[in-house]
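What follows is a set of notes on a single structure, which appears directly below.
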Amino acid sequence: MHEAVARQREILARARAEGRVDVAVLAQELGVAPETVRRDLRHLADRGVVQRVHGGAFPVESAGYETDVVQRATSQVIEKRRIAAAAAERLRGAETVYVDEGVTPQFVAEALVPESPITVVTSSLLTAHALAKQAEVTVLLLGGRVRSRTMATVDHWATQMLDGLVIDLAFLGANGVSRDHGLTTPDPAVAAVKNLVVQRSRRRVFVGLSKKFGVSSFSRFARITDFEALVTDTGLSSSEAQRYAALGPQVVRV
């Protein structure tokens, strides 16, 4: 049993360091049978710290583990920009727009083509910097404590600013999207900002990779039914997309 626990810790550490682990590679490098690795991955998946995929697994972001902005900015960039472009088309005359923290929402902001001046509210320093020089865009950056992991603001300064706003359209990301638990994120301080955005916005669009689906993190901030659309990549199967769409939102796979 002790060997299994040590091996599972090693597998989890590798998954978090590398972003994904492969059954065949792990079996060879750890000197065990592939079925042993699969059993270890099942155990880790039952704990909610990894998500199984064909041939391996990737880590789930949780209260004890969260990727930083550097990792996010270099991972699956092509897919994120494709998602962002499709989401940006949903602007549809909105004059006030919230852009969430995270790389994919930042890409949405960069892809927006407003037909008239708009105001973008964001907690993300990176998004604010990316938009600040655009003539048609007024940027309102939420104040607060800056989380170095995401370069975004949280805590009561941010929520106090949000509480006085009414937002036409919000583009939101999440660390996990689940039919049972809704949209989740590891940090309660981040969840508090996101939840208030959900309350203060007329329309809401989720943007994120398909690997976020079927995953639950620590702090819930929204329900699936809160969103008019979930925009993701084709890694989400059509049958799974239909299950989410049955709850209300349009599911867009690009």
Side-chain angles (χ1 to χ4, degrees), residues 61-63 66 83-84 86-109 112 118-124 127-128 139-145 147 150 152-209 212-232 236 241 243-252:
E61 298 190 66
S62 63
E66 186 181 0
I83 291 165
E89 294 177 0
R90 305 187 75 88
L91 185 60
R92 297 176 184 168
E95 296 180 350
T96 54
V97 179
Y98 182 82
V99 177
D100 202 3
E101 65 168 51
V103 172
T104 308
Q106 178 188 334
F107 290 164
V108 174
L112 291 174
I118 64 171
T119 296
V120 172
V121 182
T122 185
S123 61
S124 168
T127 292
V139 179
L140 197 164
L141 176 64
L142 299 180
R145 174 173 62 88
R147 297 179 76 236
T150 58
T153 54
V154 293
D155 292 341
H156 66 277
W157 295 279
T159 53
Q160 282 175 359
M161 288 183 69
L162 275 170
D163 204 31
L165 303 178
V166 178
I167 297 164
D168 292 333
L169 172 62
F171 294 104
L172 287 155
N175 300 77
V177 182
S178 160
R179 294 196 306 277
D180 292 331
H181 302 294
L183 281 75
T184 52
T185 191
D187 191 326
V190 175
V193 173
K194 291 175 182 282
N195 179 258
L196 193 52
V197 171
V198 171
Q199 294 178 47
R200 295 292 177 264
S201 54
R202 293 187 174 98
R203 299 166 50 210
R204 294 159 292 276
V205 174
F206 165 78
V207 292
L209 296 169
K212 304 289 185 70
F213 286 76
V215 170
S216 297
S217 191
F218 182 53
S219 298
R220 171 176 164 164
F221 65 87
R223 301 165 298 180
I224 301 296
T225 53
D226 290 324
F227 289 80
E228 74 168 43
L230 311 176
V231 186
T232 188
L236 183 71
R243 293 185 183 99
Y244 282 94
L247 298 176
Q250 180 183 1
V251 180
V252 180

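Quick note: residue numbers are just sequence positions, from 1.
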Supply the atom-to-atom distance Lys212 NZ to Leu236 CG, rounded to the nearest 0.5 angstrom. 13.0 Å

Strictly distance-based, threshold 3.5 Å: is any side-chain N or O of Arg203 a donor or acceptor partner for the main-chain N or O of Arg90? yes

Once side chain to side chain donor-acceptor pair (under 3.5 Å) is applied, do any residues pair with Thr127, and if so which ones, sequence neighbours excluded? Ser124

Quick test of your reading of the model: are Arg200 and Asp163 salt-bridged, counting only N-O distances below 4.0 Å? yes

Is the side chain of Thr122 donor-acceptor paired with the backbone N or O of Val99 at a distance under 3.5 Å, no angle test? yes

Donor-acceptor check, side chain of Asn175 to backbone of Thr185, threshold 3.5 angstrom: yes or no? no

Atom OG1 of Thr225 and atom CG of Leu247: how far apart are they, to the nearest 0.5 Å? 7.5 Å

For residues Ile224 and Leu183, determine if any side-chain heavy atom of one lies less than 4.5 Å from a side-chain heavy atom of the other. yes

Do you know which of Phe213, Tyr244, Phe171 makes ring-ring contact (aromatic ring centres under 6.0 Å, His included) with Phe206? Phe213

With the side chain counted from C-beta on, respond yes when Asp187 and Val154 share a heavy-atom pair under 4.5 Å apart, and no when they do not. no

Work out which heavy atom in Gly208 is nearest to a heavy atom in Thr104; give both atom names and the distance. N-CG2, 4.4 Å

Heavy atoms, side chains only, cut-off 4.5 Å: are Ile118 and Thr96 in contact? no

What I'd like to find out is whether the side chain of Val252 reaches to under 4.5 Å of the side chain of Thr232, using heavy atoms alone. no

Just so I know, are the side chains of Val207 and Phe107 near enough to count as touching, which here means a heavy-atom distance under 4.5 Å? no

Verify the neighbour count for atom CD of Glu95: are there more than 12 heavy atoms of other residues, nucleotides or ligands below 6.0 Å? no

Quick check: do Val121 and Leu142 have side-chain heavy atoms less than 4.5 Å from each other? yes

Heavy-atom closest pair, residues Pro249 and Phe227: CB-O, 3.1 Å

Would you say the side-chain atoms of Asp100 pair up with the backbone N or O of Gly173, donor to acceptor, closer than 3.5 Å? yes

In Leu169, Leu196, Ile167, the residue satisfying side chain to side chain contact (heavy atoms under 4.5 Å, CB included) with Ser201 is Ile167

Check: Thr184 side chain, Phe218 main-chain N or O, donor-acceptor pair, under 3.5 Å: no

Looking only at non-hydrogen atoms, find the nearest pair between Ala128 and Leu141 and report the distance. CB-CD1, 4.1 Å

Using 0.5 Å steps for rounding, measure from the NE2 atom of His156 to the CG atom of Leu162. 13.5 Å

Find out whether Tyr98 and Leu172 are in side-chain contact, i.e. whether some heavy atom of one side chain is under 4.5 Å from a heavy atom of the other. yes

Ignoring hydrogens and angles, tell me if any N or O in the side chain of Asp226 forms a donor-acceptor pair with the backbone of Arg223 under 3.5 Å. yes

Residue of the set Arg145, Gln160, Arg147 for which side-chain hydrogen bond (donor to acceptor under 3.5 Å, both in side chains) holds with Asp155: Arg145

Could you go through Met161 and Leu140, starting from their C-alpha distance and side-chain angles, then the distance that decides it, and tell me whether this counts as side chain to side chain contact (heavy atoms under 4.5 Å, CB included)? CA-CA 10 Å; Met161 288 183 69; Leu140 197 164; 3.3 Å; yes

Which value, rounded to the nearest 0.5 Å, describes the distance between Ser219 atom OG and His181 atom NE2? 13.0 Å

